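Chain letters run A, B, ... following the sequence lines, proteins first and then strands; every chain starts at 1. Please read all numbers here as calculations on a predicted model, not as lab measurements.
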Number of protein chains: 2
Amino acid sequence: MCARNTDTKEEILRIGKHFIQYYGYNAFSYADIARELNIKNAAVHYHFRGKEDLLIALVDKNIENYQSLSKQLNHSKMSTLSKLGKFIEPYSILCEAESICIIGSIASDYKTLPESVKAKISLLVEMVLGMVEQTLSEGKKKGELQFFESARTQALLIMTNLAAGVQLARISGKKDYENIRKAVIRRLKK
Amino acid sequence: MCARNTDTKEEILRIGKHFIQYYGYNAFSYADIARELNIKNAAVHYHFRGKEDLLIALVDKNIENYQSLSKQLNHSKMSTLSKLGKFIEPYSILCEAESICIIGSIASDYKTLPESVKAKISLLVEMVLGMVEQTLSEGKKKGELQFFESARTQALLIMTNLAAGVQLARISGKKDYENIRKAVIRRLKK
DNA sequence: AAAATAACTTACTTATTAGTAAGTAACTCT
DNA sequence: AGAGTTACTTACTAATAAGTAAGTTATTTT
């Protein structure tokens, strides 16, 4: 099926994700990826024709991950607060790594991307917002969560707190993110 | 004092600000600025030695603007809610122009910047957060505003809502930003 | 009116970028 | 065992990037 190295493609995705979330989409090149993996840049082009294709692959992976999370949450007897934790936790991990989320990273470079990529990102955004919205609705219905806005607006408020929270943490420190995270959870409880 | 054109420098700042907030810091070049202004790229280098110097000038300008706003708000009999409006309004204008704030834009490229620029951005961030925090405290003391977190945390929540709100609006639409904006204000009133 | 200076342009250089065509080694299938 | 396929490398090209040295022109200063 394949020769030499089975997981070069996966490694490129791993480093690509890291570079996008740490340095930003327009701040790294295929040469950077190649250097990091001790391969030639033509090898990166072999697996992903261009940078956009790499980005699309990463967005697709994110969509798949959230789809799998969605299934997991649907059959789960977890509390809705714990379910929300599944959306919050990745941001805490990002903050620890001094990185930002892929959506936040792409948001700044959004206007430089071709329409095909933009559409895929829209899909991802709508998906995440929809999932959080649904979890919030469920929690309110069960009396496990409290909030006063519509579920959509509440989802927007929470996700913008988290997304900009990790961005801000790189500038003003991790403590600010921690305070945001705690406040987001506290508000939903009382 | 000066020959030919008095405001080329100002024009470069204007276009530079637009490019950073529309395309992202690492997505435009001096050649792009030169093309836009019908000058040569050496002329851009004449006014700002390098891209970092242009960024520093823009951050400095922001700091000055907020300093002037600070003085304006201190001597004002405006309601604290109106004062907060002075921090919110710029984001609504950005959203309309499908742009993002300079701090949000730089946040994604933060790790590619030299220490001197990072320090200046930290300064700007602390300044804005401090001003919003102070306005919130004042509003609570006067009984004009209501919130349950510390003023610092409340400031973080509001500013992250706005910063990520304009980012999100480019992907999912302006309506989402509008709902965030309204919710932010509504929460402080009731 | 001459000298100095500010605001440029011309004409480069050097480095990086994305991308590709052609070759090669290892493995897989028949 | 030979043919095909996969996963690369070698060795380029063409375009863009940042940056600079030297020359030019208009204005200001003396």
Side-chain angles (χ1 to χ4, degrees), chain A residues 1-20 22-59 105-106 108-118, chain B residues 1-20 22-59 105-106 108-109 111-117:
Chain A
M1 205 195 198
C2 53
R4 293 251 167 100
N5 197 341
T6 336
D7 38 42
T8 298
K9 192 167 186 172
E10 284 303 310
E11 288 287 283
I12 293 169
L13 283 169
R14 209 194 83 234
I15 297 293
K17 180 182 154 80
H18 173 244
F19 281 168
I20 289 175
Y22 193 81
Y23 296 112
Y25 179 69
N26 281 314
F28 75 94
S29 70
Y30 267 26
D32 295 323
I33 294 179
R35 201 177 304 118
E36 191 78 17
L37 298 177
N38 276 305
I39 56 176
K40 302 295 156 183
N41 74 0
V44 186
H45 281 284
Y46 172 77
H47 288 289
F48 301 97
R49 191 172 271 276
K51 221 174 158 185
E52 290 161 17
D53 303 83
L54 176 58
L55 180 56
I56 287 175
L58 284 169
V59 175
S105 175
I106 289 167
S108 3
D109 297 288
Y110 194 68
K111 296 292 182 181
T112 70
L113 300 174
E115 218 53 49
S116 58
V117 187
K118 285 188 198 168
Chain B
M1 204 196 200
C2 51
R4 292 250 168 101
N5 196 341
T6 336
D7 40 40
T8 297
K9 192 167 186 173
E10 284 303 311
E11 288 287 282
I12 293 170
L13 283 169
R14 211 195 79 236
I15 297 291
K17 179 182 154 81
H18 172 244
F19 280 168
I20 288 174
Y22 193 81
Y23 297 113
Y25 179 69
N26 282 313
F28 74 94
S29 70
Y30 266 26
D32 295 321
I33 294 179
R35 201 177 304 120
E36 191 79 17
L37 297 178
N38 275 307
I39 55 176
K40 303 295 157 184
N41 73 0
V44 186
H45 282 284
Y46 172 77
H47 289 288
F48 301 97
R49 189 172 273 275
K51 222 172 158 187
E52 292 160 17
D53 302 84
L54 176 58
L55 180 56
I56 286 174
L58 284 169
V59 174
S105 176
I106 289 167
S108 5
D109 298 287
K111 295 292 182 180
T112 70
L113 301 173
E115 217 55 49
S116 58
V117 186

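Between the NE2 atom of His45(A) and the C1' atom of dT9(D) there is a distance of 14 Å, rounded to whole Å. Atom CG in Asp32(A) sits roughly 17 Å away from atom P in dA15(C) (whole-Å rounding). Nucleotide dC8(D) holds its C1' atom 10 Å from the CD1 atom of Ile12(A), rounded to whole Å. Spacing between atom CG of Asn26(A) and atom C1' of dA17(D) amounts to 13 Å, rounded to whole angstrom units. In this structure, NZ of Lys40(A) is placed 16 Å from C1' of dT16(C), rounded to the nearest angstrom. Whole-Å rounding puts the Tyr30(B) OH to dT20(D) P distance at 11 Å. Following rounding to the nearest Å, Leu54(A) (CG) and dG19(C) (C1') show an atom-to-atom distance of 15 Å.
Minimum atom distance to the side chain of Asn41(A) is reached by dG19(C), of the listed dG19(C), dT10(C), dT9(D).
Of the side-chain N and O atoms in Ser29(A), one or more sit less than 4.0 angstrom from OP1 or OP2 of dT17(C). Of the side-chain N and O atoms in His47(B), one or more sit less than 4.0 angstrom from OP1 or OP2 of dC8(C).
Between His18(B) and Tyr23(B), the angle of the ring planes goes over 60°, which puts this pair in the perpendicular group of the 30/60° scheme.
In this structure, Tyr46(A) reaches the bases: a heavy-atom distance under 4.0 Å links it to at least one base atom across the strands shown.
In this structure, Lys51(A) satisfies the cation-pi test against Phe28(A), with its NZ or CZ atom closer than 6.0 Å to the six-membered ring centre and inside 45 degrees of the ring normal.
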